[in-house]
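Note sheet for the following structure.
Note on naming: letters A, B, ... go to the chains in the order of the sequence lines (proteins, then strands), and numbering restarts at 1 for each one.
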Amino acid sequence: MSEQFVEVIVDVPSMQTNQAYTYAVPTELINQVFPGMRVIVPFGNRKILGFTTKIISKRPDVSFDLKNIEEVLDLVPVLNREMLELANWLAKWTFSFKISCLQVMLPAAMRASYNKSIRLISTDVSDEVKALFGQEEELPFDSKTLTPESFKILSKLNRDKKAEVIYQVHDRARSKKVTAITNLLTSAEILIQKDALRTNAVKSAKLLDFLNNLGDKTMILKEAMQKSGLSSAIFSQGEKKGWLKKIKVEKYRDPYRDTKIKKTEPKKLQPAQENAVTEINQAVVEQKNQVFLLQGVTGSGKTEVYLYTIACALKNQRTALMLVPEISLTPQMVRRVKSRFGSNVAVLHSGLSEGEKFDEWRRIERHEATVVVGARSAVFAPLEQIGVIIMDEEHETSYKQEDMPEYNARDVAIKRGQWHNCPVVLGSATPSLESRARAQKGVYEWLRLDQRINGQPLPQVNLVDMRQELKRAPVVDVSTPLLEAIKQRLKKKEQVVLMLNRRGYSSFIMCRECGFVLKCPNCDISLTLHMDSRSMKCHYCGHEEPIPQICPSCHSKKIRYYGTGTEKVQQELQQLLPDTKILRMDVDTTRRKGAHAKLLQRFGNKEAEILLGTQMIAKGLDFPDVTLVGVLNADTSLSLPNFRSAERTFQLLTQVSGRAGRADKLGEVMIQTFNPQHYAIQLAKSQNYEKFFGIEMNMRHKGGYPPYFFTTQIVTSGPNEADVAKKMFEINGQLKQILSKQAVILGPTPKPIMRINNQFYYQLVIKYKSEPYLDEFLENLLLTSQKEAQRKLQLKIDRDPIDFI
DNA sequence: AGCACGCCGACT
DNA sequence: GTCGGCGTGCTC
């Protein structure tokens, strides 16, 4: 009789449990457990989810009894050897918990949800307790749903051994629920209700007729809205009046999913494209791991190159992974890929529900989909035999995840390319300095597309010197030259896109008498004005309070709105152009799922002449009638004290400029700036990436910034400022001991927003070229600072931070 | 992360 | 005296 044991990474994200725990495999599960499966294991006095990483056939030499695995959740491993090794690497690389790295690779639906309930085991209890339980045998037991009093009583019962707590682990629900309606009225009642209506209650009457037709059937609300032509508000009214009930029903996968997309044929390639395709495809066929930087101006046909290489991978019985920023993952983009590769394509993006993501994941895992298109987390798609990995807009900062594990999808893509022996294509019109520098050094293969496909010229870019404008007129958001240009375009029935650069910017309230700024009581930042809810909100902790009418500091009435929001610009613009329809696109108007795509669609249908938005309009939109793009404030991202600010500004301006004048109409770009002489703005004007690269590299060299130096950021936080600062200076001292002379330490300094939710933040940045002991030191630092009974002190390490101010 | 264990102050 | 506050250490 053989025995089996298994190493498990448990679902407890902490440094102390960041290790494999060994469990015994019960007889009935022997030979059914393999590495990369999800299991439920007893841990302490509860049950939790874990991932098996290793099967051991010899009893480990330990002095304590091993516990048994409770349950195996998967029939086949959900993570293969590649993924398990990738997770290990990722944990080390990003200084993250192993469990977090394993979880991030799987759709959220495969995470566990935990439940506790409590059951009486003694009848010798007070009447109060009996009342609490009523007819129930078990009560849900958690401090959030129970009242504090009940929670106390039940806790005491547990302590007195009169009740036991039951721990449950659930695989998350996998089905999508949608709202449906059922009719609550009989035909007779409907008649009565109808008679009682006022004659002008047309909509209500229509609803009653509809309900009458529906009878006792259930219908999905969306469908009911379509069939009846009534809005959701009318149905909600009906619910309030007690005519109908809204219920949640399970929605099945849309069976029509791929039917509407027509198959398209590859387009003819330009010589430069042809060359790029040849180079990449050779690597695909030869299964050669090589990183390509595909640098191509907007409109040079990078996407077509991607599609050719994907086709090549498929032809060689291999799969393909294509990563795009979330924001450019538009329906048009998806359609373009699907129309070429049909149902082989799986799409992973944040607009999908948990269940839909799970469905797509399963399709990939079962090899039903061989091409994956998706945003950041799609880099972990369970593809096997990958033939090519593509990352479009490789410079995008959204490829870096902001919470644990703070991975950069670019690093992961390159890592996976090594495993699969396949080429990795990084594409961009404005590559990150890091990638461009590597291409220069020959680390990456450099491919260029310098011509636009239709040979059309790049749009004319004009600068508006706002300093001059300011001399002529009081501060306005839209200058006279820009307004004139807008009017001209509108006369020609063409469309206009206006971008408000809002990075690091918000609208706050300031007193014009004493300069008082309303700040969050918990955090160190000014509250942001929200016109929709008529309140002041903190973007960090969610604190909300009414808009002040009188200055709390000097009691003046001259406390008001300061700064520029899209809303304010829209109002201003609407006054200047009263007969023009303006669509506004910002965080507020796109919060709801799908709202983003809908707004773009409306603009595409020419329901509005002007589209006004923030950064998000810079990408992925391609409207033939847009001939003018205006940037209202190019400087806000430029003035941030951040070593990447010039790069960001240049990228942003170049990108929006690409939105003007596609197809047959010549485009024009107008950039309003207070710094018209700045190289980032000048070179964006001339669309000269190469020159920008040269100058910016020089700046980075002088400042000792990436790509000349690596950077790693350490952030500590805690409720007591002195403790946080002390810890940081301690780390600083230790670092000085182990670092070479070449390395530079910036800080420690308090973070610019020092207090968030009553936590103080201090940071330190290490700039270095090669430090053999640094990783080990940092790993140790994490381990010790957790064990040192300093749990109030949080420590975070971010390798290659996107920015630090 | 939870949870138990254990050491202190403030109540029936 | 006991209840319950939180600091500390452990979970195969």
From OH of A:Tyr114 across to P of B:dG2 the rounded distance in Å is 9 Å
Tell me whether A:Tyr21 and C:dC12 count as stacked here, given that the ring centres must be under 5.5 Å apart and the planes must differ by less than 30 degrees. no
Side-chain contact check for A:Lys116: nearest option of C:dC12, B:dC3, B:dA1 is B:dC3
For the pair A:Asp775 and A:Arg799, evaluate salt bridge (Lys or Arg N to Asp or Glu O under 4.0 Å) and give the outcome as yes or no after the intermediate values. CA-CA 10 Å; A:Asp775 274 28; A:Arg799 191 194 297 270; 2.9 Å; yes
Without decimals, in angstroms, what is the distance between A:Gln794 CD and B:dA1 P? 7 Å
Using a 4.0 Å heavy-atom cut-off across all strands, classify A:Phe64 as base, sugar-phosphate, or nothing. base
Against the side chain of A:Lys67, the closest entry in B:dA1, B:dC3, C:dC12 is C:dC12
In whole angstroms, the gap separating P of C:dC12 from CZ of A:Arg59 amounts to 15 Å
Residues 55-62 of chain A, side-chain donor-acceptor partners within the protein, below 3.5 Å, at least two apart:
unit_1, atom_1, unit_2, atom_2, d
A:Arg59, NH2, A:Glu3, OE2, 2.9

From CA spacing to verdict: salt bridge (Lys or Arg N to Asp or Glu O under 4.0 Å), A:Glu365, A:Arg362: CA-CA 5 Å; A:Glu365 196 236 335; A:Arg362 293 290 273 193; 3.7 Å; yes
Give the rounded distance in Å between these two atoms: CG of A:Leu66 and C1' of C:dC12. 6 Å
Determine yes or no for a side-chain-to-main-chain donor-acceptor pair under 3.5 angstrom, with A:Thr52 supplying the side chain and A:Gly36 the backbone. yes
Describe the nucleic acid contact of A:Pro60 in one word from base, sugar-phosphate, nothing, applying a heavy-atom distance below 4.0 Å. nothing
When we call it a touch if two heavy atoms are under 4.0 Å apart, what does A:Phe43 touch: a base, just sugar-phosphate, or nothing? base
To the nearest Å, how far apart are A:Leu783 CG and C:dC10 P? 14 Å
Output the rounded distance in Å from CD1 (A:Ile48) to C1' (C:dC12). 10 Å
Among pairs that include at least one residue of residues 42-52 of chain A, which meet salt bridge (charged side-chain N to carboxylate O under 4.0 Å, His left out), considering only residues two or more places apart or in two chains? A:Lys47-A:Glu70
Nearest-Å distance for atom pair CG/C1', residues A:Asn45 and C:dG9: 14 Å
Whole angstrom is fine here: how far is it from CZ in A:Arg46 over to C1' in C:dC12? 13 Å
